[in-house]
Amino acid sequence: MNSTYHEIYADWKNDPQGFWAKAAEEIDWYSKWDKVFDETLGAYGRWFPGATCNTCYNCVDRHVENGRADQLAFIYDSPITDSKRTYTYGKLLVEVQALAAVLKEKGVGKGDVVLIYMPMVPEAAISMLACARLGAIHSVVFGGFAPAELAVRINDSSPKVIISASCGIEPNRVIAYKPLLDEAIEISDEKPLANLILQREKQVCDLIDGRDFDYKTETDRTRSASTQIACEPVAATDPLYVLYTSGTTGEPKGVVRDNGGHMVALKWSMKAIYDVNPGEVFWAASDVGWVVGHSYIVYGPLLQGSTSILYEGKPVGTPDAGAFWRVIEEHNVVALFTAPTAFRAIKRDDPEAKLLANYDLSKFRTLFLAGERADPDTIQWAEKHLGVPVIDHWWQTETGWTIAGNPIGLGKLPVKYGSSCVPMPGYDVQILSDEGHPLEAGELGNVVLKLPMPPCCFPTLWNAEERFNQAYLEEFPGYYKTADAGYVDEDGYLFIMARTDDIINVAGHRLSTGGMEEIVAAHKDVAECAVIGIEDKLKGQLPCGFYILNAGVERSEEEIEKEIIALVREKIGAVAAFKLVMSVPRLPKTRSGKILRGTMQKIADGIEWKMPATIDDPEILDEITEVLKAKGIIKN
Ligand code: COA
Ligand code: AMP
C-alpha cells in the first residue's frame, strides 16, 4: 500500500483544528467543546475546553455497551509467577467498579490524587481505570524506585490513598514493597488517609490496623454488593494523571496529562501508527510505571477496543530468550512495542534466533521500538529474523505519544536506519541552533516543537508552572524544547542523536545524572563528583561516577565505592543501575568552573573528541583517561 502519510500530514497543517475535531469524533463525550483549541488558556493553549468526558467510560463501559463485553480486554501473562489470567471487557468493568467503590468509601473523589506503587499485575491497570472513573488523578510510581524517590512523589502529589502490593518479583529476588512504602510514608510530610494493599502469594505482608486495607477483602465486599459507580463527567482539560519523570535535578517533574486530548490522540495513534484494529491483540512490553505503559498497555489499546497484554517477565531468563516469541504465538499478538534494549538482550542470549523455530509467529505484523535510540544493528537483526517491519519511533513522557515515527496504518514509509522517521500530524519539528536560528538539512542542533503541541502533550507540570515555563518554553520562545539533539535530512527524516541535558537512558529508563550526583556528593568522604552516561552494549547507557576524595581520608577506596553504590541504590533504587564509580585526583573543568562532562563521556566511549577551548587544565583529561584505562572501561 502506498503511504497516505504526506496527504494526512498536509491535511493537519492546513487545518489543525479541523483535523483534531475529526479525530475527536471517535471519542464519546458528555458535552462537546466550546472551541477545539483555545490559545488563550494555559501556557500555550488547551485542547477541547468546555467539553466533558470520562476516560474510563471510553476505555471500558462503551465497549461493554457496544457488544464487546465478552472480548478480552487484558491478558495477564506472568512467567515470573508461572500464572496467567484474562479479563473480558465485561469482567474488567466489574473489577473497576468494585475498586472505584472502595476508593469512594475511602474518601476519593473528583480531583483527588491516588498514588499507585505496584508491580506488573492487572490490579495496577484496574487501579488506574478506577481513578479515571471517579475523576480522580492517578500517579503511578515505578516499582524499582526506592522509598526516598517514592517519598518525593508522595510529598509533591499529596495522595489521599495509596494502592500498593505486598511484593514485586524480579528473577533474582522478591522485593517486599510494604516496608518500602511504610518507610516512604514515614519520611513524607504528606500522609495518605488509607493504603490498599494487594497481598501476593509469594510474600504477604502485615497490615496496620485502621490505615492499611486488604485490596481483595475490600473489593470482594463491594463486588458482592454489586455497588454501581457511575463514570464521573470531567472537563476534557482536567488531569487524568500525573507521571513523574527525571528532570535536570534530583527533583522529578510531574508531567500532567489531561483527559480529552489524551484520548483523542491515543485513539488516533492506535490505527494510524500501530495499525491495530478493535479486537486485535497489542502488546507493549513495558511497565505501567512508565509512559509507554500508561499509553500503550492501558489507555491506547482499551480506547481502541483491542486486547492488551500485561506481561510480568523479562525478555530473557523467564525462562529464556524465546519468551517474547512464546507470548506472541500464544496470544496472537499482531504488534509488539518494546525498547531496543529488550531485543539486544534477546540477541545476546540467542544470536541466531534459534528459539524462533519453536514458535508460529504468522499473525505477527510489526515490531515497534522506542524509549532510546534504536541502533541499526538491532533493527536489522530483528528484521532478518522476524521478517516483519521494525519501526523506530521517538517520543517522550511529556508528549505521551509519538512525535516522529513511521505510521504503519497509513502505509509504511521507507525505513532509514538510525532515523525515527517523520513527524506525526500535530508536530511541527524544527532544528534550531543554540542561538535559536533554524538550521539546514543535515545540521545537528536542538530539536524543538513549534507551539502549540498537539492533543495529549502535557499542558504543565504538577504544582510547578514556573518550572514548566523555565524548563521547556523559555529557551526557544514559541517552541517546546525537547532537550534532544538531532537533525532532519533532505527527505524530512528525523535523526535523534543525544540529549542536551543531564538525562541518560539506561535500558530504556530515563534517569538524571544530576540526581545521582546529588547523592554521591552527599557521601561524607566525597569532596566533589561527576556522573556521566557511558555506552553499554546491552542497556544503551550506564551511569559512571567519578569522585574526588576529601583531603585526609585514609579509608580504602574500595570500601568508599561500595558505600557510594549502596547509597545510590538506597536513594534512587535498583533501576538506577549505578555500579561503576571511581576516584580521580581532579575533575576537568572550564575556566568558569563547569565540569566538562561531555568530554569525559566521549573519552570513556572511545569516540573522537576535541580539546575544549575553554578548558582550565588539559592535563586533567590525561588523568581521567588513565583512571578509565585502569578500570578497563577504555582499552590501552
Ligand atoms: N521493581 C523492582 N526492581 C526492578 C524492577 C521493578 N519493577 N525492574 C527492574 N528492577 C531492578 C532489576 O532487578 C535490577 O536489579 P539488580 O541491580 O539487583 O539486578 C535493576 O532494577 C536494573 O534493572 P534493569 O535495568 O531492567 O536491568 P536487568 O539487568 O534486570 O534487565 C533488560 C535488563 C534489558 C532485560 C531489561 O531492562 C528489560 O527487559 N528491558 C525492557 C525494556 C523496558 O522495559 N523499557 C521500559 C521503557 S519502554
Ligand atoms: P521517556 O520520557 O522516558 O520516554 O524518555 C524520552 C527520551 O528518550 C527522549 O527525549 C530521547 O532522549 C529518548 N528516546 C526515546 N525514544 C527514542 C528514539 N526512538 N530514538 C532516540 N531516542 C529516543
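Whatever order the structure lists ligands and atoms in, that order sets their numbers, starting from 1. Just so you know, residue 1 is the first one in the sequence shown, and it goes up from there.
Taking a cut-off of under 4.0 Å to the non-hydrogen atoms of Asp392, the atoms of ligand 2 that pass are 18 (C), 19 (N). Every atom of ligand 1 with a heavy atom of Val575 under 4.0 Å away is listed here by number and element: 21 (O). Near Gly371, meaning under 4.0 Å from any of its heavy atoms, are these atoms of ligand 2: 8 (O), 13 (C), 14 (N), 15 (C), 16 (N), 17 (C). For ligand 2, the atoms lying closer than 4.0 Å to a non-hydrogen atom of Ile496 are 21 (C), 22 (N). Near Gly508, meaning under 4.0 Å from any of its heavy atoms, are these atoms of ligand 1: 47 (C). The contact set between ligand 1 and Ser286, taken as ligand atoms under 4.0 Å from a residue heavy atom, comprises 46 (C), 47 (C), 48 (S). Heavy-atom contacts of Thr341 reach the following atoms of ligand 1: 34 (C), 40 (N), 42 (C) (cutoff under 4.0 Å).
For His393, a nitrogen or oxygen atom sits less than 3.5 Å from a nitrogen or oxygen atom of ligand 2, counting backbone and side chain alike. Considering backbone and side-chain atoms together, Thr245 places no N or O closer than 3.5 Å to any N or O of ligand 2. Considering backbone and side-chain atoms alike, Glu170 places an N or O below 3.5 Å from some N or O of ligand 1. Inclusion of Asp484 in the set of residues having an N or O under 3.5 Å from an N or O of ligand 2 is warranted.
For the side-chain hydrogen bond (donor to acceptor under 3.5 Å, both in side chains) test with Tyr76, the passing option among Lys84, Glu312, Arg85 is Glu312; the others fail. The side-chain hydrogen bond (donor to acceptor under 3.5 Å, both in side chains) test with Ser269 singles out one residue from Trp395, Tyr274, Tyr296, and that residue is Tyr296.
Within a 6.0 Å sphere centred on NZ of Lys631, heavy atoms belonging to other residues, nucleotides or ligands number more than 12.
Proximity annotation for atom 37 (O) of ligand 1: of Ala577, Ala507, Gly289, Ala507 comes nearest, heavy atoms only. Within the set Lys253, Glu372, His509, the minimum heavy-atom distance to atom 23 (C) of ligand 2 is found for Glu372. Considering each of Phe343, Phe142, Trp290, the one bringing a non-hydrogen atom nearest atom 46 (C) of ligand 1 is Trp290. Of the listed options Ala370, Ala285, Gly540, Ala339, Ala285 places a heavy atom closest to atom 44 (O) of ligand 1. Of the listed options Pro315, Pro340, Ala342, Pro315 places a heavy atom closest to atom 39 (O) of ligand 1. The option with the heavy atom closest to atom 1 (P) of ligand 2, from among Thr397, Thr399, Thr500, Ile403, is Thr397.
Aromatic ring pairs are classed by plane angle as parallel below 30°, tilted from 30° to 60° and perpendicular above 60°; the pair Tyr472 and Tyr480 is parallel.
For atom 18 (O) of ligand 1, the closest non-hydrogen atom of the protein is Arg569 NH2, 2.8 Å. Nearest protein neighbour of atom 17 (O) of ligand 1, counting heavy atoms only, is Lys579 NZ, 2.8 Å. Closest to atom 26 (O) of ligand 1, if we only count protein heavy atoms, is His509 NE2, 3.7 Å. Residue, atom and distance of the protein heavy atom nearest to atom 5 (O) of ligand 2 are Arg510 CD, 3.5 Å. The shortest contact between atom 2 (C) of ligand 1 and any protein heavy atom is with Ile175 CD1, 3.2 Å. The protein heavy atom nearest to atom 22 (C) of ligand 1 is Ala574 O, 3.6 Å. Of all protein heavy atoms, the one lying nearest to atom 6 (C) of ligand 2 is Trp395 O, 3.6 Å. Of the protein's heavy atoms, Lys314 NZ, 3.8 Å lies nearest to atom 30 (O) of ligand 1. Here the protein heavy atom with the shortest distance to atom 13 (C) of ligand 2 is Asn505 ND2, 3.6 Å.
With a heavy-atom cut-off of 4.0 Å, Asn172 touches ligand 1 through its side chain alone. With a 4.0 Å heavy-atom cut-off, ligand 1 is reached by no atom of Arg348. Only side-chain heavy atoms of Lys539 come within less than 4.0 Å of ligand 1; its backbone N, CA, C and O stay farther off. Residue contacts with ligand 2 for Arg499 involve side-chain atoms from C-beta outward but no N, CA, C or O (heavy atoms, distance under 4.0 Å). By the criterion of a heavy-atom distance under 4.0 Å, neither the backbone nor the side chain of Arg344 is placed next to ligand 1. When non-hydrogen atoms are compared, ligand 2 lies under 4.0 Å from neither the backbone nor the side chain of Trp290.
Distance screen at 4.0 Å: atom 32 (C) of ligand 1 has no protein heavy-atom neighbour inside the cut-off.
Using modelled atom types, one finds no donor on one side chain facing an acceptor on the other under 3.5 Å when comparing Glu123 with Tyr215.
Aromatic rings from Trp283 and Phe324 are positioned such that their centres are separated by under 6.0 Å. Taking the six-membered ring wherever Trp is involved, the centroid distance between the rings of Trp290 and His509 falls below 6.0 Å.
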Hey, mind stepping through Lys314 and Glu170 against salt bridge (charged side-chain N to carboxylate O under 4.0 Å, His left out) and telling me if it holds? CA-CA 9 Å; Lys314 303 272 172 181; Glu170 284 291 292; 3.0 Å; yes
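For Arg153 and Phe145, the positive end sits near the middle of the six-membered ring, less than 6.0 Å away and at most 45° from its axis.
Salt bridge Glu490/Lys416: absent, no basic N to carboxylate O contact under 4.0 Å.
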